[in-house]
**Q** 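Sharing a structure here in structure tokens format.
Counting starts at 1 for both ligands and their atoms, in listed order.
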Amino acid sequence: MIGLTSFLKPKKPKQTVIFIDIAGRQIEILLIRNKQAKRLTLRQNLSGGNFKLSMPIRGTIAQAEDFCGQHTGWIADKSVNMQDMIMFEHDQHIPLRGGQVKLIFLDKLRGQTQKIENELHVTGGTDYAPRRLTTWLKAEAKADILIAIEKYQPLLDVKHSKLTIRDTKSRWGSCSSSKALSFSWRLVLAPPDVLDYVVAHELAHILEMNHSATFWAHVDKVCPHMKDSRNWLKTKGGQLHQIRAK
Ligand SMILES: [Zn+2]
């Protein structure tokens, strides 16, 4: 039976790793051969920072190395971001509601996460504090988002059905046709105006499921700082993805 089950398992796509030398640093690039790929495409995972090169099934390692060789400028540029990753560590500074807090990991297991002036005290020591901090940030994000929902729902005369907090990589928020809202917990790291804007934006989708002029007029009416907040997300939003628990 074991043999049969493993025989029936779908094959994983073939993965190979190559290394590209960028100013003496070895940058790892994961090669992914897949049937759909018509050409070579190099991507960087926004949150993890790692590079992936997708290529046609018959693509060779030499072609992959050649392609990366032609794009060393781009790789060098992007790999700087990778080094700028902010990890949840004792003494590290992280953004919170647009300000900065210093993480203090306490070497005791019990106790609540507490913000004391510009410090964030997290229990659990090096092993557990990062996870506890993530849980705390998600709860804080949810609380802030609920306050913003309460503020904007009467202004727009809408009512949502469900609220989910996620770690979405590509979107700050979303609104389904059943009025279910979903937001990234990372919004709690951004200035409060930005979180407010994203909530107003998603709630306005209950009125207009598109990005038409009518939709933007709804957002603009209730959120006078819309332009600044959109601009903030465009220029600084990516930084919020450089913050990682591990
Ligand atoms: Zn939208």
**Q** Does one side chain, of Gln153 or His160, offer a donor that lies under 3.5 Å from an acceptor on the other?
**A**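 Yes, His160 and Gln153 have a side-chain donor paired with an acceptor closer than 3.5 Å.
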**Q** Do Leu233 and Val194 have side-chain heavy atoms sitting under 4.5 Å apart?
**A**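 Touching, per the 4.5 Å side-chain cut-off.
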**Q** Distance only, no hydrogens: is a donor on one side chain within 3.5 Å (strictly under) of an acceptor on the other, for His211 and His201?
**A**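 Yes, His201 and His211 have a side-chain donor paired with an acceptor closer than 3.5 Å.
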**Q** Measure from NZ or CZ of Arg230 to the centre of the six-membered ring of Trp216 and say whether it is under 6.0 Å with the direction within 45° of the ring axis.
**A**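 Yes, Arg230 sits over the ring of Trp216.
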**Q** Considering the Zn ion (ligand 1), could you give the total of protein N/O/S atoms lying closer than 2.8 Å?
**A**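 My tally for this metal is 3.
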**Q** Ring centroids only, cut at 6.0 angstrom: are Tyr197 and His225 within range, meaning strictly under it?
**A**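 Centroid separation for Tyr197 and His225: 6.0 Å or greater.
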**Q** For the pair Phe67 and His71, name the ring-plane relationship: parallel under 30°, tilted 30 to 60°, perpendicular over 60°.
**A**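 The arrangement is tilted - the two ring planes meet at 30° to 60°.
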